[in-house]
Amino acid sequence: TMVASSTHSSRLKYMSLGVLVLQTTSLVLTMRYSRTLKEDGPRYLASSAVVSAEVLKILTCTLLVLSENNFSLRAMNQLLKEEIVNKPVETMKLAVPAGIYTLQNNLLYVALSNLDAATYQVTYQLKILTTALFSVSMLGRKLGIYQWLSLLFLMAGVTLVQWPTESEGDTEQKVLSAGSQFVGVMAVLMACVSSGFAGVYFEKILKETKQSVWVRNIQLGLFGFVFGILGMVIYDGQRVRDLGMFQGYNTITCTVVVLQALGGLVIAVVIKYADNILKGFATSLSIIVSTLISYFLLQDFNPTGVFFLGAVLVIAATFLYGYKCKPAFGSAVKV
Ligand code: C5P
């Protein structure tokens with residue numbers, strides 16, 4: 001049974017990493033599109049989208065907990081009461097990553113509204129290193145020299161992949177002032193620190209306790225919801241009073257919300273069955289995938305030599321990272 005459960009979780013690990021690649025790819029493309037699309041009427045409020053995604057996550061996780069309890073409402077209520085209401089200290093622990101994630105989710109909208117997608121992606125790669133540093137300091141994870149090297153390769157590779165080409169820069173630079181570039185970069189840098197810390201903190205909670213990942217996500221989501229509402233009232237209070245919380249929502253907005261909620265769920269599974277560092281590899285690969293998609297499908301991008309060099313570095317880093325640590329049953333190569 002040990003071998004069976006190990007292959008089961010190893011399958012979940014690679015499946016979740018795969019879904020994360022797809023989810024990240026579509027989210028980045030849609031989010032950027034949704035923030036730059038010129039339409040009549042008000043643009044949707046990013047702070048409101050953050051709240052909506054949180055609600056959707058809580059609802060989905062509740063359904064998943066219900067299914068874990070064989071669809072017995074009574075059993076679910078009992079469990080949620082025991083785990084959430086009767087353990088206030090445990091529940092409060094989730095307020096920390098929830099608060100940080102809410103700030104981060106809002107920061108990323110600030111970033112994407114002030115930076116072109118390429119600069120945003122390049123700068124955000126620093127989170128690979130912040131995550132590794134927090135994994136080492138907070139989880140006591142030990143990384144060998146090859147693994148540190150591979151993380152540096154990964155960061156360098158994704159940076160190259162994302163490096164803006166001349167033509168791309170020309171069109172976007174006219175719209176973006178130096179001031180808004182600065183605001184955007186500061187927002188991304190703060191998001192890098194918050195991403196590393198919150199991810200590792202959540203991983204610590206998940207791996208130190210036995211509770212189902214969905215229950216943990218409900219706890220996280222409840223705080224995220226409260227903080228998200230606060231953020232919305234503080235930043236967009238007047239606008240919400242004027243035109244309502246759902247002003248400017250359209251199909252693309254709803255897609256972004258769904259993708260973001262899905263992302264939260266997938267990331268929780270990835271953090272449970274893999275870890276935050278592997279998650280970094282998945283998102284890096286997704287950047288290559290989204291670039292290739294825009295090349296083959298949208299035909300709006302010409303890969304340069306720099307792109308290919310970067311892609312090779314990312315893929316080499318992926319293999320280098322798994323080079324030394326063989327999994328216990330030797331069944332699969334680590335991503
Ligand atoms: O960029 P980064 O990988 O740190 O983004 C993590 C995202 O996943 C955040 O948007 C966060 O709100 C979300 N998340 C979640 N539920 C979790 C863990 C992360 O919704 N359990």
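As the structure lists them, so they are numbered: ligands from 1, and atoms in each ligand from 1. For clarity, every value in this text was computed on a predicted model and none was experimentally measured.
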Q: Grab the two heavy atoms, one from Val240 and one from Met245, that are nearest each other, plus how far apart they are.
A: CG1-N, 4.0 Å
Q.
Can you list everything that forms a salt bridge (Lys or Arg N to Asp or Glu O under 4.0 Å) with Arg141? Sequence neighbours excluded, please.
A. Glu203, Asp275
Q: Output the set of protein residues with a heavy-atom contact under 4.0 Å to ligand 1, ordered first by chain identifier and then by residue number.
A: Lys57, Tyr101, Gln104, Asn105, Tyr124, Lys127, Ser195, Phe202, Asn217, Leu220, Gly264, Ile267, Ala268, Lys279
Q. Taking ILVMFWY side chains as joined if any heavy atoms are under 4.5 angstrom apart, and letting links pass through other members, which residues group with Leu107?
A. Leu103, Met190
Q. Taking everything shown except Tyr235 itself, do over 12 heavy atoms lie less than 6.0 Å from its OH?
A. no
Q: Mind jotting down which residue pairs meet the salt bridge (charged side-chain N to carboxylate O under 4.0 Å, His left out) criterion with at least one end in residues 232-259? Sequence neighbours excluded, please.
A: Asp236-Arg239
**Q.** Atom pair CG (Leu262) and CG (Leu20), whose distance is rounded to the nearest 0.5 Å
**A.** 9.0 Å
